[in-house]
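Values below: all heavy atoms of this structure, side chains included; hydrogens, waters and symmetry mates excluded. Model, not experiment: these values are computed from the prediction.
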Amino acid sequence: MQMMTRNVLLDMELEEDDDEDGDIGDVPASKRPFLTPHKLLPSSQVLENFEQTIVPNFGSLESQQDFRTPEFEEFNGKPDSLFFNDGQRRIDFVLVYEDESRKETNKKGTNEKQRRKRQAYESNLICQGLQLEATRSVLDDKIVFVKVHAPWDVLCTYAEIMHIKLPLKPNDLKTRSSAFDSFNWFTKVLRVDERVIKPEQEFFTAPFEKNRMNDFYIVDKDSFFNPATRSRIVYFILSRVKYQMVNNVSKFGINRLVSSGIYKAAFPLHDCQFGSRSEDPSCPNERYLLYREWAHPRSIYKKQPLDLIRKYYGEKIGIYFAWLGYYTQMLLLAAVVGVACFLYGYLNQDNCTWSKEVCDPDIGGKIVMCPQCDKICPFWKLNITCESSKKLCIFDSFGTLVFAVFMGVWVTLFLEFWKRRQAELEYEWDTVELQQEEQPRPEYEAQCTHVVINEITQEEERIPFTAWGKCIRITLCASAVLFWILLIIASVIGIIVYRLSVFIVFSAKLPSTVNGTDPIQKYLTPQTATSITASIISFIIIMILNTIYEKVAIMITNFELPRTQTDYENSLTMKMFLFQFVNYYSSCFYIAFFKGKFVGYPGDPVYWLGKYRNEECDPGGCLLELTTQLIIIMGGKAIWNNIQEVLLPWIMNLIGRYHSVSGSEKKTPRWEQDYHLQPMGKLGLFYEYLEMIIQFGFVTLFVASFPLAPLLALVNNILEIRVDAWKLTTQFRRMVPEKAQDIGAWQPIMQGIAILAVVTNAMIIAFTSDMIPRLVYYWSFSIPPYGDHTHYTMEGYISNTLSIFNIADFKNKSKGDSFSGIGDHTTCRYRDFRNPPGHPQEYKHNIYYWHVIAAKLAFIIVMEHIIYSVKFLISYIIPDVSKSTRSKIKREKYLTQKLLHESHLKDMTKNMGAIAERMVEVVDNNLRPKLE
């Protein structure tokens, strides 16, 4: 019997109205027979075989005037049931809509359009072989749940189309024993108890083919396709079924129907409640096990059950948690070294000679510093920066240099070992050849209207746009991204203008001398107040721009129209990261590499925008301000993300349950309980990756200024893993399982960050910290001919690095009321290496300056070359795929091919034997009468 493949569509060429989606107008019923108010066949009579003829005169589920009929029975009272009311057919997906006939609204025309679209869509789902059953909500009779079941034939057909790998036979390859097996007693407490979560049986797998069904390991048809695979197949169908035709352009897909409000939700079911086991003895209770052994706070010290995560949520979520867990493990080493370097600086801060000179009343208390702005800013004593100089000794020490070099090596080790771990997961989760299996996105297929000749096959194929059209789209997308990046730069300029403006105010209001009785004066300097307020405002602007650009980036990527879901996510990833990189790191780059570098000197200052005098750093440099900026952004980002990820979903679910639950939760069915959870969204995992990669950038790019960054990241990630697990298992609907081979575009992004981190940390040590000038002074300028000391020492360093300026040389535009209170002082000091007044080259850079510049450049070159050489050596020594994993992949591929080949030969031999027997029988029947 032939299968009818014609879809039921709303023919929009008959008449168009003012609806933006091109809904049908008053089309005569005779021209749309599928919209006639016939009742759908009872669920027991729904087409069981995918190859049966489809009758085009389908009614819609909502055409049933009363759902409380034998065909649509009420909820059977089993809250943990995952089956239709017959108890046989498993629910693979649930669609939810609000019955228009029971809405209290005057928009009858809009409701009728939505009903007709849904009617056509559901009719076409049945045309594709899916089986539907509708049930009204127990709590709100306006809500209707359409349960979707895929029969065996449909699953087999689409498993072959989607190239899904399924079991051939149990895997009998022995795993190689580890050298650490003798330490199992030590790691047993960290592992998940195998008696609770049993290890999955390993199989040889191959892409499914219906004509080779006998070759596959089919013990039970009901369990051959696991729930995750069934949901993935059904979602594949739901995403491609059409419901409308507008000017020969098809409209299709459940995503569009949900976004337009025709359906309120579409999701696969959780298998049970997270807090208790299911009453159904056949239920595997995987959600309960994940909550107990993964998401519960008491399991925070345990390893993650990655195989069960992958089985329940799919490889895409599994690979994310595998990467996050591995990243967190590697952070442990970086955190230990970072804490050691921090303690080294903290314990040695009392031996910091230059900080002692700043705090000494006879040295720093007698050094008068020049005003840092025009007219309003006063002269100030150096010792008001005493507390900040003490803090700076903690971070600007020799330990910082050691830690920066270590982190350059650490990030390479992390990336190389992750590649090996990722290759192991590809083998274990059967995603080695996934890229060859990926199907085009339905949105891409819908736009394929141009016919071209394939250069390889010389056959016709359809593409969405020509080469010229593709160039136009790329140009427009690039222009939009550039515009938003320029907008971020404009916001950074605004922050700089704010810093310059409020610094003048703080300089006028805050004291210029230290008063020992006032603790505020001791810590709150004009520089500190400006830095803290500017960092907070910068963080707020970052969050606002992030919220706006997220929507813009999705619109740009949709317009770009990538072919596959992987291409789509990679394109969106690059756009979002480029924006986030500029948004989060621009203020840090400004403080590290621009602030205080182009200020001139008091007699000839440099002005920003011709009006604002450029900012200057503290006498000890801008390193402490960079540390403050990092702490505020990292801490604020972590707090904000936790509010978004934990508090908001919990409050939304609480409000939803408060408004909707009228009886005991145990009386509501599984699909209704899941409906009241929050939707994760297709890009939910994308934002999790983005959050961690931004953190990875803070940990690596600016770690020379804040050795405790890995420790903060480690603590955050330990909580992040369990918070994300709790969120997935308790607060969100089950996501559609998706395949993923690796972490996608995030891998090259991390490699780019690792390369850039070497440069930024070398430049932070060279240009932001005061380490190089101190080393130059210690080895060259503390002794003759430049210094007066007879031995190497740091004494006199502060006086040597502060140049002298004659107050009489100030320009009139810089003079203000503070000049009248200067007393007997005729000179002031400023941070630079310039010749004093009266020198033949007055106010020009002195020899010390050029020595320091040469030492800084030499340091950057040497440090970069050393670290890059070590990185290259490590990358060369450590292969991306271990030898054992490579052997396993080849061995499994060989055995799989052998198994299929032997099975094929067996079938051919059997068929040929049958043919030979038949031929002998025919010949015998024909010759025997003649011989007789």
Side-chain angles (χ1 to χ4, degrees), residues 82 93-94 192 196-197 226-229 231-232 235 265-278 283-300 302-328 425 429 569 638 641-654 656-657 670-671 673-692 716-740 743:
L82 300 176
F93 227 87
V94 175
V192 176
V196 178
I197 299 180
N226 63 36
T229 304
S231 298
R232 191 156 67 95
Y235 181 73
F267 52 88
L269 292 178
H270 284 294
D271 64 350
C272 65
Q273 297 184 30
F274 68 86
S276 60
R277 291 182 178 272
S278 172
C283 179
N285 296 292
E286 291 174 348
R287 184 191 187 193
Y288 167 76
L289 293 176
L290 284 172
Y291 174 74
R292 175 183 170 184
E293 301 296 328
W294 180 43
H296 199 279
R298 69 185 177 191
S299 301
I300 194 170
K302 290 185 178 180
K303 293 184 178 180
Q304 302 181 84
L306 293 177
D307 289 334
L308 184 58
I309 297 171
R310 170 248 182 171
K311 179 183 177 183
Y312 191 76
Y313 288 110
E315 286 78 4
K316 191 170 185 178
I317 290 183
I319 198 71
Y320 163 73
F321 281 103
W323 171 80
L324 181 56
Y326 197 83
Y327 171 45
T328 304
L425 292 175
W429 293 353
E569 292 179 0
N641 287 335
N642 286 327
I643 292 175
Q644 280 189 313
E645 295 179 6
V646 179
L647 194 58
L648 289 182
W650 180 75
I651 292 176
M652 294 297 292
N653 287 336
L654 198 63
R657 285 194 293 268
R670 172 83 271 133
W671 50 85
Q673 295 177 36
D674 286 5
Y675 171 66
H676 291 295
L677 298 177
Q678 294 299 304
M680 182 69 175
K682 283 189 69 67
L683 296 176
L685 199 61
F686 168 82
Y687 296 119
E688 301 295 339
Y689 271 118
L690 184 62
E691 175 188 348
M692 289 296 102
N716 177 80
N717 288 5
I718 292 174
L719 298 176
E720 180 77 18
I721 291 174
R722 306 303 164 175
V723 166
D724 287 347
W726 174 84
K727 181 176 63 177
L728 284 176
T729 54
T730 67
Q731 302 301 308
F732 284 89
R733 298 170 190 158
R734 187 174 182 177
M735 294 180 65
V736 179
E738 295 183 58
K739 285 278 187 179
I743 62 175

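At least one test fails for Arg310 against the ring of Phe321: distance under 6.0 Å to the centre or angle within 45° of the axis.
Annotation: the span from Gln678 atom CD to Arg733 atom CZ amounts to 7.5 Å, rounded to 0.5 Å. Distance check, rounded to the nearest 0.5 Å: CD1 of Ile319 to CG of Leu685 gives 11.0 Å.
Considering only heavy atoms from C-beta on, Trp726 comes within 4.5 Å of Tyr291 through its side chain. With a 4.5 Å cut-off on side-chain heavy atoms, Pro305 and Leu290 count as touching. Between Tyr313 and Thr729 the shortest side-chain heavy-atom distance falls below 4.5 Å. Side-chain atoms of Asp307 and Trp429, non-hydrogen and from C-beta on, do get closer than 4.5 Å to each other. You'll find the side chain of Gln273 reaches within 4.5 Å of the side chain of Arg670, heavy atoms only. Side-chain contact between Arg232 and Lys739 is present, with at least one heavy-atom pair separated by less than 4.5 Å.
Residue Leu289 comes nearest to Arg277 through the heavy atom pair CD2-NH2, 4.1 Å, listed as atom of the first residue, atom of the second, then distance. Scanning both residues, Trp294 and Arg722, for their nearest heavy atoms gives O-NH1, 2.7 Å.
Between Tyr320 and Tyr689, the ring planes lie perpendicular to each other; the angle is over 60°, past the 30° to 60° tilted range. Between Phe93 and Tyr235, the ring planes lie parallel to each other; the angle is under 30°, not in the 30° to 60° tilted range.
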Next item on the list: Let me see the working for Tyr288 and His270 under side chain to side chain donor-acceptor pair (under 3.5 Å), right down to the final yes or no.
Entry: CA-CA 10 Å; Tyr288 167 76; His270 284 294; over 6 Å; no
